[in-house]
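Values below: all heavy atoms of this structure, side chains included; hydrogens, waters and symmetry mates excluded. All of these numbers come straight from a predicted model, not from anything done at the bench.
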Amino acid sequence: MPPSKDRWETTMSSGAQSLPMKLESVFGPIQEGWAGPAIGTVEPGVQVVSFAGTRSTPPVLATLGLSDHILTSRQSQRGIRIELVCVEVGDVAHLVPLMMMVSQRIVQSHDAVLRGDWFNISGLSSDWSGFYMTLPIFIDEVDHAVQAGNEIVNLVWTIPIKQAEAHFIDRSGWQAWEDVLEENLDKLSDPRRASFIGADAAF
């Protein structure tokens with residue numbers, strides 16, 4: 001079984017680097033970026049950028065600016081900084097506003113995301129019902145946190161999910177869902193994939 005949720009609340013020590021540079025060293029060069037609306041006193045708000053990928057990592061979208069906000073873990077009450085990372089699945093222009101919307105929800109709640117959480121986006125997407133949050137456990141070359149300047153930033157792997165999959169998480173738990181994910185890694189980037197959980201599955 002993959003490591004527990006506590007792994008998002010860690011400390012690291014490494015050379016200081018800006019967050020965009022650090023993410024480029026992991027996910028390849030930035031290709032494009034989209035600016036989001038201002039959130040609170042932070043300008044220009046959370047952005048979403050696309051990274052080209054490397055020989056060992058796929059192209060991804062990631063937020064920049066979410067880590068400007070210190071979020072509180074409901075598990076330990078510690079302050080945590082995070083950025084969302086999502087493998088490019090289908091139309092990037094469709095995923096970008098969804099990632100911005102989820103980022104805004106996170107900032108407004110001031111709650112740090114924990115592994116196993118999922119955000120409802122039904123009604124906003126014809127393809128997906130939610131975003132599932134986990135560690136970057138399925139790509140060995142990607143660490144779960146990076147040090148940018150003096151700050152530790154946790155990378156939250158954001159996976160689009162179907163309605164039956166969301167129901168499965170609620171009823172069977174995130175550990176059972178990640179067992180399902182591990183069996184279907186090669187399908188995660190397919191924008192036309194069927195649900196990994198049958199609509200009539202027994203939970």
Side-chain angles (χ1 to χ4, degrees), residues 3-54 57-88 92 95-119 121 131-139 141-160:
S4 71
K5 293 184 180 184
D6 293 332
R7 287 204 59 197
W8 271 351
E9 304 178 32
T10 57
T11 57
M12 297 175 60
S13 59
S14 61
Q17 224 178 356
S18 73
L19 183 58
M21 289 176 60
K22 193 71 176 180
L23 293 180
E24 282 190 307
S25 71
V26 176
F27 299 115
I30 290 175
Q31 300 294 289
E32 194 172 359
W34 299 265
I39 302 176
T41 59
V42 178
E43 299 287 349
V46 177
Q47 304 174 62
V48 175
V49 296
S50 62
F51 292 86
T54 68
T57 62
V60 301
L61 297 172
T63 57
L64 285 177
L66 185 53
S67 58
D68 291 341
H69 303 266
I70 301 177
L71 308 172
T72 301
S73 168
R74 62 183 185 272
Q75 190 174 55
S76 69
Q77 305 307 308
R78 292 172 56 187
I80 299 175
R81 297 178 187 270
I82 69 171
E83 297 288 355
L84 306 182
V85 179
C86 182
V87 173
E88 292 186 4
V92 168
L95 287 176
V96 167
L98 297 175
M99 291 186 69
M100 288 182 177
M101 182 205 66
V102 170
S103 298
Q104 288 179 312
R105 288 185 188 175
I106 292 170
V107 172
Q108 289 165 359
S109 73
H110 300 291
D111 290 331
V113 175
L114 294 179
R115 181 181 182 184
D117 290 344
W118 70 273
F119 285 80
I121 58 172
F131 276 139
Y132 175 76
M133 308 294 176
T134 187
L135 299 168
I137 53 175
F138 302 118
I139 301 179
E141 293 78 7
V142 178
D143 211 339
H144 65 279
V146 296
Q147 182 162 340
N150 296 320
E151 303 294 345
I152 303 301
V153 179
N154 294 273
L155 302 181
V156 179
W157 211 247
T158 306
I159 300 175

**Q** Kindly indicate whether the side chain of L114, heavy atoms from C-beta on, has any atom under 4.5 Å from the side chain of M133.
**A** no
**Q** With respect to I82, which candidate in I70, L155, N154 satisfies the side chain to side chain contact (heavy atoms under 4.5 Å, CB included) definition?
**A** N154
**Q** My understanding is that only residues two or more places apart in sequence, or in another chain, count here; which of them pass side-chain contact (heavy atoms from CB on, under 4.5 Å) with P59?
**A** E88
**Q** Among residues two or more places apart or on two chains, list those pairs meeting salt bridge (Lys or Arg N to Asp or Glu O under 4.0 Å) that have a residue in residues 105-114.
**A** none
**Q** Mark yes or no for whether S109, through its side chain, and I106, through its backbone, hold a donor-acceptor pair below 3.5 Å.
**A** yes
**Q** Looking at T158 and V156, would you say the former's side chain and the latter's main chain have a donor-acceptor pair under 3.5 Å?
**A** yes
**Q** How far apart are the closest heavy atoms of Q47 and A35, and which atoms are they?
**A** CG-CA, 4.1 Å
**Q** How long is the straight-line distance from CH2 of W118 back to OG1 of T134, given to the nearest 0.5 Å?
**A** 15.5 Å
**Q** Residues two or more places apart in sequence or in another chain: which of them pass salt bridge (charged side-chain N to carboxylate O under 4.0 Å, His left out) with E151?
**A** R81
**Q** When you look at L66 and V107, which way does the side chain to side chain contact (heavy atoms under 4.5 Å, CB included) test go after all the steps?
**A** CA-CA 8 Å; L66 185 53; V107 172; 3.5 Å; yes
**Q** For the atom pair CG (L98) and CZ (F119), what is the distance rounded to the nearest 0.5 Å?
**A** 13.0 Å
**Q** Please find the pair of heavy atoms, one from M100 and one from V46, that lie closest to each other, and give the distance.
**A** CE-O, 4.3 Å
**Q** Which heavy atom of L135 sits nearest a heavy atom of W157, and at what distance?
**A** O-CB, 3.6 Å
**Q** Check whether S50 reaches the backbone of E32 with its side chain - one donor and one acceptor, N or O, closer than 3.5 Å.
**A** yes
**Q** Say you draw a straight line from SG of C86 to CG of L95; how long is it, rounded to the nearest 0.5 Å?
**A** 5.0 Å
**Q** Roughly how far, to the nearest 0.5 Å, is CE of M99 from CD of Q104?
**A** 13.0 Å
**Q** Taking side chain to side chain donor-acceptor pair (under 3.5 Å) as the test, write out the residues that go with T63, two or more places apart.
**A** E83
**Q** Tell me, please, which residues at least two apart from T54 pass side chain to side chain donor-acceptor pair (under 3.5 Å).
**A** S56, T57
**Q** Shortest non-hydrogen contact from P20 to F51?
**A** O-CE2, 4.5 Å
**Q** Tell me, with the steps shown, if S103 and L84 meet side chain to side chain contact (heavy atoms under 4.5 Å, CB included).
**A** CA-CA 8 Å; S103 298; L84 306 182; 3.7 Å; yes
**Q** For a side chain to side chain contact (heavy atoms under 4.5 Å, CB included) with L23, tell me which candidate from V153, L64, I30 qualifies.
**A** L64
**Q** Test T72 against I80 for side chain to side chain contact (heavy atoms under 4.5 Å, CB included), laying out the working first.
**A** CA-CA 6 Å; T72 301; I80 299 175; over 6 Å; no
**Q** Under the side-chain contact (heavy atoms from CB on, under 4.5 Å) test, which residues partner P29, sequence neighbours left out?
**A** E24, Q31, A52
**Q** Decide side chain to side chain contact (heavy atoms under 4.5 Å, CB included) for F27 and V85; before the verdict, give the C-alpha distance in whole Å, the side-chain angles of both, and the deciding distance to 0.1 Å.
**A** CA-CA 10 Å; F27 299 115; V85 179; 4.0 Å; yes
**Q** At what distance, to the nearest 0.5 angstrom, does OH of Y132 lie from CG of D117?
**A** 8.5 Å
